[in-house]
Novice: 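Mind having a look at this structure? Questions to follow.
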Amino acid sequence: KKDHSDEQKTAFLVAGKIKNLLKCGGHKAMTKNTKHKKITSPPPPQESESNTKKKKWFGTDIKIHTLASPNVPDFDHDLREVMEPHLVKARKNREEKRTDIPGITDSKFTNCRTCTSVPYLALRNERSFSFDYETYPLHRILAEALGTHDLSLLHEESRIDKRKLMAPLLDRASRHAFHECYDNFITSFCIPYLHTLACKQHIFQNITSSASATTTDLTYRYQAFPCLRIVRPGEFSIGPHCDVVYGHSVGNINFHVPLTSVYGTNALYTESYPDKEDWHPLTAENVGIGYIFDGARCLHFSLENTTDTTRVSLDFRIAISLDDDCDDDDGQNAKGDATKDTLCTPTILKDRFEESGPGYYDNVIVRIGGGGTPESDISNDDSFVVKLEPEHRLLDPDKRVGFPFK
């Protein structure tokens, strides 16, 4: 009993001390100290899933490194280290795709000098061209279709949602004028221009020399409706890639036609030829400038647009084939003449976009040979251009073209 009584006394003494502490503000002091401990030793921050994904985006990585500068980045050693994880994946995808492309026999088809099974290497050099934007007012007709006066200011439109902004193009009647202008631009300018380049590079020399007594039909396959790129300030389009990875034919030559001024971070970036990785933008101060480049094999990408203007541009592809080309993989034409600048064979011409059904590509024929000069320059002679279909119609675009046709 005595021990128990002593324990009780001790308990009363402790309880009394705690009571006195509470009266003196001890509880507040203890609470404050506890809070202070939590502030000075916070748990490690947990990143949300969306933030983790953002850090994996190519455009975001570049933007962070360049401090969101709207100017063309300096692709120095530090920036290339930031890009490298993305480039490693893009290079791997390109090389893996090479083994899946029928008709490509080279061990490394990115070599622009020795890759004999890739068609018309001489045409694949990047080059700019100019065209009369009054004759082909693509920018003005597209702006009218979208209900705006200036494509570069699309981001100022009250219709924030891009799908609503592009909705008029989903209606055949609303897009007809633009589609017709584009088709005229392809058949009256782009194909004659490409054909003239091919003549100057003697691409058809073996063909015409072996068939000089008769006419020869070349088929120019072109994208029936362009891929329309609208990249507003703060938006990012796509990271490093080449088109064969997405199922396009290696025989395609890419055309890039800006419909606004493009500069700094709102431009498309590419390399001069495969594996060179001399990254540079395809810029244009005004409408009326376009580019052709080897987008099938060259890696290209966009950055997050940190400028104050919207980039609107068209991307489309053209390939050249010969009806009597053999389907061999040894770089020879039907007559057995070896040439490093072969045209597309039927096997190389096939791609995922053609095999998924009609509508993505259209064709025109360029007739050469016969009584004329062996390599005819059709830039001023429309009689050499013949439509495959007597009653040509504009083909309706679908999801293969991309946004907004999805």
Novice: Check for a donor-acceptor pair, side chain of E235 on one end and backbone N or O of R232 on the other, with a separation under 3.5 Å.
Specialist: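 It does hold such a pair.
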Novice: Taking the inter-plane angle between the rings of F189 and F129 on a 0 to 90° scale, is it parallel (under 30°), tilted (30 to 60°) or perpendicular (over 60°)?
Specialist: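 Geometry flag for F129 against F189: tilted rings.
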Novice: Charged N to carboxylate O below 4.0 Å: is that the case for R175 and E144?
Specialist: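 The answer is no: the pair does not qualify as a salt bridge.
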Novice: Could you tell me whether the side chains of N254 and D243 share a donor-acceptor contact shorter than 3.5 Å?
Specialist: yes
Novice: Would you check if E285 and V262 make a side-chain contact, meaning some heavy-atom pair closer than 4.5 Å?
Specialist: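 E285 does not reach V262 side chain to side chain.
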Novice: Of all heavy-atom pairs between P192 and I186, which one has the smallest distance, and what is that distance?
Specialist: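 Of all heavy-atom pairs spanning P192 and I186, the closest is CD-O, 4.1 Å.
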Novice: If we ignore angles and hydrogens, is there a donor and acceptor under 3.5 Å between the side chains of T307 and T265?
Specialist: no
Novice: Is there a donor-acceptor pair under 3.5 Å between the side chain of S302 and the backbone N or O of L268?
Specialist: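 Checked: no pair found.
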Novice: Assert yes or no for the condition that the ring centre distance of F255 to F293 is strictly below 6.0 Å.
Specialist: no
Novice: For D61 and H86, which I'm curious about, is there any donor-acceptor pair between the side chains at under 3.5 Å?
Specialist: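 Side chains of D61 and H86: pair found under 3.5 Å.
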Novice: Should T196 and C199 count as side-chain neighbours, where that means a heavy-atom distance under 4.5 Å?
Specialist: no
Novice: Within the 4.5 Å heavy-atom criterion, are R367 and T216 side-chain neighbours or not?
Specialist: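 In short, these two side chains do not touch, never coming nearer than 4.5 Å.
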Novice: Taking the six-membered ring for Trp, are the ring centroids of F131 and F185 within less than 6.0 Å of each other?
Specialist: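 Centroid separation for F131 and F185: below 6.0 Å.
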Novice: Taking all non-hydrogen atoms of both residues into account, name the closest pair between P168 and S174 and its distance.
Specialist: O-CB, 3.1 Å
Novice: Just wondering, more than 12 heavy atoms not from R80 lying within 6.0 Å of its CZ?
Specialist: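 Buried by this count: over 12 neighbours within 6.0 Å.
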Novice: Taking all heavy atoms of M166 and all of I230, pick out the closest pair and write down the distance.
Specialist: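 Closest approach of M166 to I230, heavy atoms only: SD-CD1, 3.0 Å.
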Novice: Side chains of Y222 and D183: is there a donor and an acceptor less than 3.5 Å apart?
Specialist: yes
Novice: Does either side chain, that of S188 or that of Y136, offer a donor lying less than 3.5 Å from an acceptor on the other one?
Specialist: no
Novice: Just verifying a value: how many Å separate L121 CG and D294 CG, rounded to the nearest 0.5 Å?
Specialist: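 So the gap between those two atoms works out to 8.0 Å.
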Novice: Taking atom types as modelled, is there a side-chain donor on S313 or R311 under 3.5 Å from an acceptor on the other?
Specialist: yes
Novice: Provide the closest heavy-atom pair for A319 versus L349 in the form atom of the first, atom of the second, distance.
Specialist: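 Smallest heavy-atom distance, with atoms named: CB-CD1, 3.7 Å.
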Novice: In plain terms, say whether D275 and R297 are close enough for a salt bridge, that is, a side-chain N and a carboxylate O under 4.0 Å apart.
Specialist: no
Novice: Check the orientation of F58 and F301. Use parallel for under 30°, tilted for 30 to 60°, and perpendicular for over 60°.
Specialist: perpendicular
Novice: Can you check whether R317 reaches Y360 side chain to side chain, under 4.5 Å on heavy atoms?
Specialist: yes
Novice: How many angstroms lie between OG1 in T260 and CG in L154, if you round to the nearest 0.5 Å?
Specialist: 9.0 Å
Novice: Could you walk me through whether Y133 and H139 pass side-chain hydrogen bond (donor to acceptor under 3.5 Å, both in side chains), step by step?
Specialist: CA-CA 8 Å; Y133 58 81; H139 65 297; over 6 Å; no
Novice: Show your reasoning for whether side-chain contact (heavy atoms from CB on, under 4.5 Å) applies to Y220 and S321.
Specialist: CA-CA 7 Å; Y220 281 75; S321 63; over 6 Å; no
Novice: Using modelled atom types only, decide if a donor and an acceptor are shared between the side chain of Y291 and the backbone of T283 within a distance under 3.5 Å.
Specialist: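 Yes; judged by distance alone, with no hydrogens or angles, the pair exists.
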Novice: Using every non-hydrogen atom in the two residues, find where L299 and C242 come nearest and quote the distance to one decimal.
Specialist: CD2-N, 3.9 Å
Novice: Determine whether the aromatic ring centres of residues Y246 and H241 are separated by less than 6.0 angstrom.
Specialist: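 Judged by ring-centre distance (under 6.0 Å), H241 and Y246 do meet the cut-off.
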Novice: Rounded to the nearest 0.5 Å, what's the gap from CD1 on I292 to CG on L197? Could you check?
Specialist: 5.5 Å
Novice: Under a 4.5 Å cut-off applied to non-hydrogen side-chain atoms, are L170 and P404 in contact?
Specialist: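 Contact flag for L170/P404 side chains = yes.
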Novice: Mind checking whether V366 and D217 have side chains closer than 4.5 Å, heavy atoms only?
Specialist: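 Contact flag for V366/D217 side chains = no.
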Novice: Show, in sequence, the C-alpha distance, side-chain angles and deciding distance for E304 and I62, and conclude whether the side-chain contact (heavy atoms from CB on, under 4.5 Å) test is met.
Specialist: CA-CA 8 Å; E304 183 171 331; I62 306 300; over 6 Å; no
Novice: Decide yes or no on side-chain hydrogen bond (donor to acceptor under 3.5 Å, both in side chains) for T219 and R221, but give the supporting numbers first.
Specialist: CA-CA 6 Å; T219 299; R221 186 186 72 176; over 6 Å; no
Novice: Looking at E355 and R352, is any side-chain nitrogen of the basic one under 4.0 Å from a carboxylate oxygen of the acidic one?
Specialist: no
Novice: Any ion pair linking R91 and E95 (charged N to carboxylate O, less than 4.0 Å)?
Specialist: no
Novice: Donor-acceptor check, side chain of T66 to backbone of P73, threshold 3.5 angstrom: yes or no?
Specialist: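 No; judged by distance alone, with no hydrogens or angles, the pair does not exist.
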Novice: Between the main-chain N or O of L151 and the side-chain N or O of T148, is there a donor-acceptor pair closer than 3.5 Å?
Specialist: no
Novice: Run F204 and I368 through side-chain contact (heavy atoms from CB on, under 4.5 Å) and show every step you take.
Specialist: CA-CA 9 Å; F204 311 127; I368 61 175; 4.3 Å; yes
Novice: So L142 and L259, do their side chains get closer than 4.5 Å, heavy atoms only?
Specialist: yes
Novice: Mind listing the closest non-hydrogen atom pair of A177 and I141 along with its distance?
Specialist: C-CG2, 3.7 Å
Novice: Could you tell me whether the side chain of N305 and the main chain of V231 form a donor-acceptor pair under 3.5 Å?
Specialist: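 Such a contact is found between N305 side chain and V231 backbone.
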Novice: Out of curiosity, L138 CG to L228 CG, how far, rounded to the nearest 0.5 Å?
Specialist: 10.5 Å
Novice: Calculate, to the nearest 0.5 Å, the distance between atoms CG and SG belonging to L314 and C227 respectively.
Specialist: 9.5 Å
Novice: H280 vs F75, test: ring-ring contact (aromatic ring centres under 6.0 Å, His included). Steps then yes/no.
Specialist: CA-CA 9 Å; H280 58 279; F75 291 97; 9.2 Å; no
Novice: Go through F225 and H179 one step at a time and tell me if the ring-ring contact (aromatic ring centres under 6.0 Å, His included) criterion holds.
Specialist: CA-CA 7 Å; F225 194 88; H179 197 171; 4.8 Å; yes
Novice: So does E271 pair up with K276, basic N to acidic O under 4.0 Å?
Specialist: no
Novice: Please step through side-chain hydrogen bond (donor to acceptor under 3.5 Å, both in side chains) for the pair Y361 and Q223, ending with a clear verdict.
Specialist: CA-CA 5 Å; Y361 290 120; Q223 197 168 315; over 6 Å; no
Novice: As an exercise, state the distance from CD1 of I289 to OG of S261, rounded to the nearest 0.5 Å.
Specialist: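 Separation between the atoms: 12.0 Å.
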Novice: Are V312 and T310 side-chain neighbours, meaning at least one heavy-atom pair lies under 4.5 Å?
Specialist: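 Touching, per the 4.5 Å side-chain cut-off.
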Novice: Looking at F353, does the NZ or CZ of R400 lie under 6.0 angstrom from its six-membered ring centre and within 45 degrees of the ring axis?
Specialist: no
Novice: Report the C-alpha separation of I191 and V364 in whole Å, then their side-chain angles, then the decisive distance to 0.1 Å, and conclude whether the side-chain contact (heavy atoms from CB on, under 4.5 Å) test is met.
Specialist: CA-CA 9 Å; I191 290 177; V364 298; 3.2 Å; yes
Novice: side-chain hydrogen bond (donor to acceptor under 3.5 Å, both in side chains) between T309 and N266: does it pass, once the steps are laid out?
Specialist: CA-CA 8 Å; T309 61; N266 77 0; 3.3 Å; yes
